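Structure first, then comments.
Residue numbers begin at 1 in each chain, while the letters A, B, ... track the order of the sequences. Only a predicted model underlies this, so the values are computations on that prediction, with no experimental measurement involved.
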Amino acid sequence: MTDATDPSAQPAAAPQRRSSLLQLDERTRRRNAAEARFRLMGLIAVTIGILAVIGLISSILFNGASSFRQTFITLDVYLDPAKLDKAGTRDPEAISKVTTFGYAPLLQKGLVDTMAAQGIALDGLTAKQAAELISKEAPAQLRRYVMADVSRIGQTVTFDVLAAGRIDGYFKGRVTMESAALDRNVSPEQLMLADRLKEAGMLRTKFNLDFFTAPDASDTRPEAAGLGVAILGSAYMMLVVLVLALPLGVAASIYLEEFAPKNRFTDLIEVNISNLAAVPSIVFGILGLAVFINFAGLPQSAPIVGGLVLTLMTLPTIIIATRASLKAVPPSIRDAALGVGASKMQSVFHHVLPLAMPGILTGTIIGLAQALGETAPLLLIGMVAFVREYPSGPPDGFFEPAAALPVQVYNWTQRGDPAFVERASGAIIVLLVFLVIMNAIAIILRRRFERRW
Amino acid sequence: MSAGILITIVLVLAIVGFVLGRRRAVATAGGDGRRLHSLPGYYGQSVALFAAVPALLLMAVWLFMQPVVIDGRIGEMIPDSAVPDGGSRGLVMSDVRRIADGIEQLVDQGLVSETDLATMRADFTNVRGRLGEVGIALGSNVSPGVFEAAKVYRDANRTGGLIMTIAVLAVAAACFAWSYLRIKPDLRARNISETFVMALLIGSSLVAILTTVGIVASLVVETFHFFQMYPASEFFFSTTWNPQFRGGSDLGILPLLWGTLYVSFVALVVAVPIGLMIAIYLSEYASKTLRSLAKPAIEILAGIPTIVYGLFALITVGPFIRDWIAEPTGLGSSSSSVLTAGVVMGIMLIPFVSSLSDDIINSVPQAMRDGAYGLGATRSETIRQVVLPAALPGVVGAILLAASRAIGETMIVVLGAGAAAKLGLNPFDAMTTVTVKIVSQLTGDTEFASPETLVAFALGLTLFVFTLGLNVLALYIVRKYREQYE
Amino acid sequence: MYDNPLTKRDAVTKEVKISARGCQVYYGDTHAIKDVDVDIEDKTVTAFIGPSGCGKSTFLRCLNRMNDTIDVCRVEGDIRLDGEDIYDPKVDPVQLRAKVGMVFQKPNPFPKSIYDNVAYGPKIHGMSRNKAELDEIVERALRRGAIWDEVKDRLDAPGTGLSGGQQQRLCIARAVATEPEVLLMDEPCSALDPIATAQVEELIDELREQYSVVIVTHSMQQAARVSQKTAFFHLGNLVEYGETGQIFTNPQDPRTESYITGRIG
C-alpha cells in the first residue's frame with residue numbers, strides 16, 4: 001500500500017468544489033435537459049405504440065363493421081307454376097331441372113308488381129334496370145326456398161331478397177351519385193329508385209346472419225359472400241391441431257423435461273425445437289406441399305393437410321409452454337410420490353401432469369390462437385381455391401376442400417369489387433373475436449389456477 | 001374401407017383389449033388383485049397399447065409409402081412416346097393421377113361400370129369428354145398408354161388399400177392376442193406398459209427432428225430438381241426476375257433478395273428505436289399504472305395475425321402514404337410500396353423488440369444501476385452509458401431475431417409491398433420479396449415440374465438458410481449474454 | 001482483535017459535514033427509520049453498526065438520496081450537507097451524488113474497461129478538459145484506490161475480469177475519481193476475503209485524510225479498527241452515537257452493550 005502515499009498521488013491542488021447544492025450549475029442544467037429529452041422520446045415511443053394499436057383496430061372496425069348489416073328488398077313473388085312446374089306434377093326431380101335463370105323473371109315481375117302496388121314509379125327505368133337492384137344471387141335464394149318445399153309453387157310469398165352490391169354500398173356510403181355516374185354496374189337513376197324503395201319501406205338494411213353461414217360467392221356478387229365454409233374449415237383444422245398437437249406436444253415435453261438424459265441426442269432435439277419455433281411460417285407451407293400433398297398424396301385444400309401443417313407449426317409453442325409449466329412444479333412433489341413407492345412414470349402422470357395442466361392448456365390455447373390466424377402456409381397447400389360447397393361432417397369432411405378464415409380474407413382482398421374490402425374487414429373482425437375469446441379463456445385459466453408454490 | 005373407419009375399428013379393439021386384459025388379469029389371480037405384480041389396470045393398458053399402436057403406426061407408414069411405391073411402378077410403365085416433347089415424366093404422372101381420380105368418380109357416380117371400364121380404350125372412347133362430365137378437365141386428349149397407366153394406377157391403389165386394411169387388422173389382432181394370452185399374475189405389466197409409454201414419449205419428441213428433416217429434405221430435393229433445369233449461377237447472380245409461362249424465364253434471386261432486405265431494413269428502422277424506447281420507458285420511467293396499462297396494450301400487437309397487418313397495409317397505410325406523401329412529393333404513385341410494407345411490418349415487430357429488450361434490460365443487475373446513480377449519473381445517462389452497453393449483446397440478439405422474423409414474413413409483403421421485382425432505391429416504389437414470389441409461384445397455374453414452380457423451393461431454401469443462420473446466431477448471442485449474469 | 005489501541009484515537013471535535021435531524025424513512029407502510037438525529041464530522045470515519053435489518057443501510061442511502069430510485073420509499077425530516085438541505089426541491093440528486101459518493105456491498109464494476117470505469121464519473125461531471133487531464137484523474141484515483149500498481153499495465157482490460165478485492169478497490173477508485181466530499185460505504189468488505197478486507201480497511205484509513213467516510217458494517221471488529229465515531233442502530237432507532245472507543249468500552253445504553261457482547265444481533 002505504498003502507492004496511496006506516493007506524493008504524486010496527492011491531489012495537486014485538491015479542487016475543492018464548494019459549490020452550493022441549491023444552485024444548479026450550467027452542466028447539470030444541460031444534463032437535466034438531455035434527461036428530459038430522453039424521457040420525452042420514451043413517452044413518444046409509447047404513444048406511437050398505443051396509437052398503432054388503436055389505428056390498426058379502428059381501421060379494421062371502421063371498414064368492416066358494416067359487413068354485419070346488409071340491404072334487403074322485400075317483395076311479393078308469385079311462384080308461377082307455368083314457369084316452375086310445367087308438367088304440374090310437383091315432382092321435385094322435375095322442378096330441380098329449372099335453373100336459377102328460370103327464377104330471375106319471377107323476381108323481376110315480383111319487384112315491378114310490388115312497386116306498382118306501393119305506387120312507386122319506375123321513372124324512366126326499364127323493368128330490367130329496376131330488377132338490377134336485386135342481387136344476382138337472389139334467384140338462387142328463391143330456388144333454394146322453393147326446392148325446400150315444392151308445395152309453395154302457385155302461392156304468392158313475401159320474400160326478402162338481397163339487394164345488389166352497389167345498392168348495398170350506396171346505403172353504406174361506399175357508392176355515391178357521382179361514382180354511380182361513372183359506374184357501368186349502376187346508374188344514379190337506379191340509386192334514386194332505391195331511395196324511393198327505402199321510403200316506401202320495401203328496402204331495409206338489417207343484420208346479416210348469412211355473412212356467418214353462407215359460403216363464398218363469385219366476384220360479381222360480393223353481397224352474397226359469407227364465411228360459412230371458412231369458419232367450418234378453420235374449425236376442422238383447429239380440431240386436427242388440437243387432437244394431434246396437444247398429445248404430441250405434451251408427450252414430447254414430458255420426455256424432455258422429466259426423463260431425457262442430458263446427451264447429444266436430447267440436445268439435438270432441443271436445438272431443433274427452438275429453431276422450428278423461429279422458422280418462417282411459409283416454409284411450413286412448402287413442407288406441407290412437398291410432403292403431405294406431393295409425396296403422401298393427400299388432397300389439396302383439405303383441412304387435414306392444413307391441420308397437419310399447423311400442427312407442426314404450433315408444436316414448438318406448445319412444447320415450450322408445457323415444459324415451462326412442468327418446470328414450475330416443485331421437485332418436492334415428485335420426491336413425495338417417489339417416496340411412497342410410485343414409479344417415475346406414475347409420479348409424472350399422477351402428480352406432476354395434473355398440477356401442470358392449467359399451464360399446458362393455456363399454452364395450447366395460445367398455440368391454437370396462433371394457428372387460427374396463420375395464413376401463409378395455407379396459401380401454398382391450395383386453400384386459396386374458390387370453395388362453395390360445405391365439407392361434409394367428420395371424418396370425411398377433413399379430406400374435402402374447404403376454406404379457412406384468414407385465407408378467406410386474403411382471397412377477398414384479391415377481388416376487384418371494392419365491396420370485398422368491407423367483407424375482408426368483416427371477416428377479420430370475426431377472426432379477432434375468436435382470438436379474443438381464446439385469449440380470454442387462456443387468461444381466465446391462468447388466473448384461476450395460478451399457483452404459488 | 002376408409003381410413004377413418006379403420007382407425008375407429010383399431011381404437012375400439014384397443015378399448016376392448018383394455019377391458020378384457022384387466023378382467024383376465026383379475027381372473028388369473030383368482031379374483032385377488034394383491035396376487036398380481038401390477039395393478040389390474042396396467043394389464044389392460046398393456047393389451048390396449050399393443051393392439052392399437054403397432055397397427056396405427058403400420059397404417060401411417062403404409063399411407064405414406066404407398067403413393068411412392070405405386071408412382072415408381074407406374075412411372076416405369078409410361079412409354080417414352082407418351083411423354084410429349086418439352087414435357088417431363090412428372091407432368092405425365094400428374095395426368096395419370098388425375099385421370100385415375102376421374103375414373104374413380106365416374107364409377108362412383110354410376111356413369112361407367114367396372115366391366116365397361118375394363119374394355120374402355122382411349123383410342124375408341126372420348127375419355128377426355130367423359131372425364132369432363134365429372135369435372136376433371138384435361139389439357140389434351142388422353143393417349144392410350146397414359147390411359148392404361150391410369151387404369152393400372154387406380155387398380156394398384158385399390159389393391160394397396162385393401163392389403164393395408166387386411167395387414168393393419170391382422171397386426172392389431174395378432175398383437176392383441178399375443179399380449180392378452182401372456183397375461184399371468186407375475187407378468188410385470190406396469191413395467192411393460194411404462195416402457196411402451198416411454199417409447200411413445202420418445203417418439204413424440206422425435207417429431208421435431210422429423211419436421212426439420214422433412215423441411216430440409218423437401219427443400220433440398222426440389223431445389224436440386226430446379227437446378228437440373230435452370231443454372232444455379234443464373235439463379236444466384238442474375239439481376240432479372242421475369243417468369244414466363246412458356247419457358248425461357250429469367251429467375252434471378254437478386255431483385256427479390258434486395259426487396260426482402262430493403263423492406264426488412266425499413267421495418268427494423270421503425271421497430272428497433274420505438275420498441276427499445278418503449279421497453280426503456282416502461283421499465284425505467286413509467287408509473288406502475290401506466291406500465292400496467294401500456295404493456296398489455298402494446299402486446300396486443302403481438303397477438304394479431306399477420307393477415308390483419310396485411311389488410312391494414314392494403315386499405316389504410318398504403319393509400320395514406322400514396323395520397324399524403326408519395327404523390328404530393330412526386331416520388332411515387334403506387335399504394336403498395338417498400339415503405340408501406342416496411343412501416344406496417346415495423347409496427348408488427350414493435351412488441352417483439354420491446355418485450356425481448358424489456359427482459360434483457362431487466363436482467364442487467366440493479367447493482368450496476370446503483371453504481372452509476374451513486375456516481376451521480378442521471379437516469380438517462382445510466383441507461384445509455386451503463387445499462388444499454390451492458391445489455392448490448394442481448395439487444396443485438398433481439399434485433400437479429402426481429403430481422404429473421406421480418407425476412408420470413410409473408411402476408412404483409414404479399415398485400416403491401418407489391419409484385420414487381422425491381423432493384424431500386426426509391427422506397428415509394430413497389431418491390432417484391434422472396435416470400436411473395438414463393439406464394440405467387442406456388443399458387444399459380446403453372447405445371448409443378450417446371451422451373452417456374454420449382455424455383456419456389458430454391459427461394460424457400462434460401463429463405464430457410466438465411467433465417468436459420470440469423471436465429472442460430474441470435475440465440476447464441478443471447479445465451480452467452482444470459483450466462484454473463486447468472 | 002481488540003488489540004487496536006482505541007485510546008490513541010483522535011478525539012478532537014471536527015467540523016460537522018452532514019447533520020440529520022428528525023429523519024424518518026418509510027418503505028410503503030413500514031416505518032424503517034425512526035426519528036434519527038446524527039452529526040457526521042468531516043475527515044472522520046463514522047461507522048454504522050447494528051443487527052441485520054436495523055436500518056443502517058437505509059439511513060446511509062438517505063445521505064445521497066439513493067433511496068429516490070426506490071418507488072415506495074419516502075424520507076422525512078431534515079438532512080443537511082454543509083448546512084444545505086439535501087431534500088430541498090431545488091436540489092438535484094445528481095449534483096448531490098457527485099459530492100456524496102457511494103461504494104456498495106457487492107463490487108459492481110461496469111462491464112467496461114478499468115479505465116472507463118474510473119473515467120465514467122469525471123466524464124459525466126465534466127471534470128476534465130482533455131484526454132491528458134482525464135488520464136491524470138484516472139491515475140490519481142487508481143492510486144488513491146491502492147490498485148494502480150496492479151492494473152496500470154492493463155487499463156483496457158474489462159473491470160469485471162478482476163478479483164473480488166480488486167473489483168471493490170476499483171469501485172472505491174471509481175467513487176473517489178469524482179472528488180466527492182463524503183464517501184458512503186455500504187458493507188464494502190462483506191463480499192471479500194480477509195486479505196482483501198485488510199487492504200480495503202487500510203485504504204479507508206488513508207481516505208480519512210481528505211474525506212468524511214461513512215461505513216456500514218456488520219463486523220464490530222471492523223468498526224473498531226477503522227472508525228473514530230460509531231453509531232449503533234437497532235430496529236430503526238439510533239440507539240447510541242459517540243466516540244468509537246467509548247461505544248466499545250463503555251456503552252451507555254444496555255442495548256448497545258448486549259449487541260457488543262453478542263447477546264443480540
Looking at [options], which one has more heavy-atom pairs under 4.5 Å with chain A than the rest?
| options | value |
| --- | --- |
| Val344(B), Ile407(B), Ile315(B), Ile300(B) | Ile315(B) |
| Glu284(B), Glu222(B), Arg384(B) | Arg384(B) |
| Leu311(B), Leu276(B), Leu200(B) | Leu311(B) |
| Ile215(B), Leu401(B), Thr467(B) | Ile215(B) |
| Val414(B), Val308(B), Thr435(B), Ile347(B) | Val308(B) |

Please give me the minimum heavy-atom distance between [X] and [Y], naming the atom from each residue.
| X | Y | answer |
| --- | --- | --- |
| Glu35(A) | Glu381(B) | OE1-N, 4.5 Å |
| Val53(A) | Ala297(B) | CG2-O, 3.4 Å |
| Phe457(B) | Ala290(A) | CE2-CB, 4.0 Å |
| Pro305(B) | Gly373(A) | CB-O, 3.4 Å |
| Ser218(B) | Val291(A) | CB-CG2, 4.3 Å |
| Ile307(B) | Ile428(A) | O-CD1, 4.2 Å |

Please round to the nearest 0.5 Å and tell me the distance separating atom [atom1] of [X] and atom [atom2] of [Y].
| X | Y | atom1 | atom2 | result |
| --- | --- | --- | --- | --- |
| Ser380(B) | Arg37(A) | OG | CZ | 9.0 Å |
| Arg39(A) | Arg379(B) | CZ | CZ | 7.5 Å |
| Ile269(A) | Ser205(B) | CD1 | OG | 4.0 Å |
| Ile278(B) | Met41(A) | CD1 | CE | 12.5 Å |
| Phe312(B) | Ser58(A) | CZ | OG | 7.5 Å |
| Thr443(B) | Gln414(A) | OG1 | CD | 9.0 Å |

Heavy-atom cut-off 4.5 Å, strictly under: side chain, backbone, both or neither for [X] against chain B?
| X | answer |
| --- | --- |
| Leu289(A) | side chain |
| Val384(A) | side chain |
| Leu431(A) | side chain |
| Ala369(A) | neither |
| Leu248(A) | both |
| Gln346(A) | both |
| Ile48(A) | side chain |

Between [options], which shows the greatest number of heavy-atom pairs under 4.5 Å with chain B?
| options | answer |
| --- | --- |
| Ile254(A), Ile319(A), Val279(A), Leu56(A) | Leu56(A) |
| Thr47(A), Asn272(A), Val250(A), Ile50(A) | Asn272(A) |
| Val271(A), Asn32(A), Asn63(A), Asn439(A) | Asn63(A) |
| Thr266(A), Thr413(A), Ile273(A), Leu432(A) | Thr413(A) |
| Leu315(A), Leu380(A), Ile60(A) | Leu380(A) |
| Val421(A), Ile44(A), Asn294(A) | Asn294(A) |

With a 4.5 angstrom heavy-atom cut-off, could you sort out which part of [X] is near chain A: side chain, backbone, both or neither?
| X | value |
| --- | --- |
| Ala474(B) | neither |
| Ile383(B) | side chain |
| Leu475(B) | side chain |
| Tyr42(B) | side chain |
| Leu219(B) | side chain |

Tell me, do [X] and [Y] make a side-chain contact under 4.5 Å, heavy atoms counted?
| X | Y | result |
| --- | --- | --- |
| Ile282(A) | Met411(B) | no |
| Phe38(A) | Thr378(B) | no |
| Ile438(B) | Val283(A) | no |
| Phe349(A) | Val197(B) | yes |
| Asn275(A) | Thr212(B) | no |
| Phe284(A) | Thr211(B) | yes |
| Leu463(B) | Pro280(A) | yes |
| Leu415(B) | Tyr410(A) | yes |

Might you confirm whether atom [atom1] of [X] has over 12 heavy atoms from other residues, nucleotides or ligands at distances under 6.0 Å?
| X | atom1 | result |
| --- | --- | --- |
| Arg29(A) | CZ | yes |
| Tyr476(B) | OH | no |
| Phe434(A) | CZ | no |

Step by step, work out the side chain to side chain contact (heavy atoms under 4.5 Å, CB included) result for Leu268(A) and Ile209(B). CA-CA 8 Å; Leu268(A) 182 69; Ile209(B) 293 188; 3.7 Å; yes
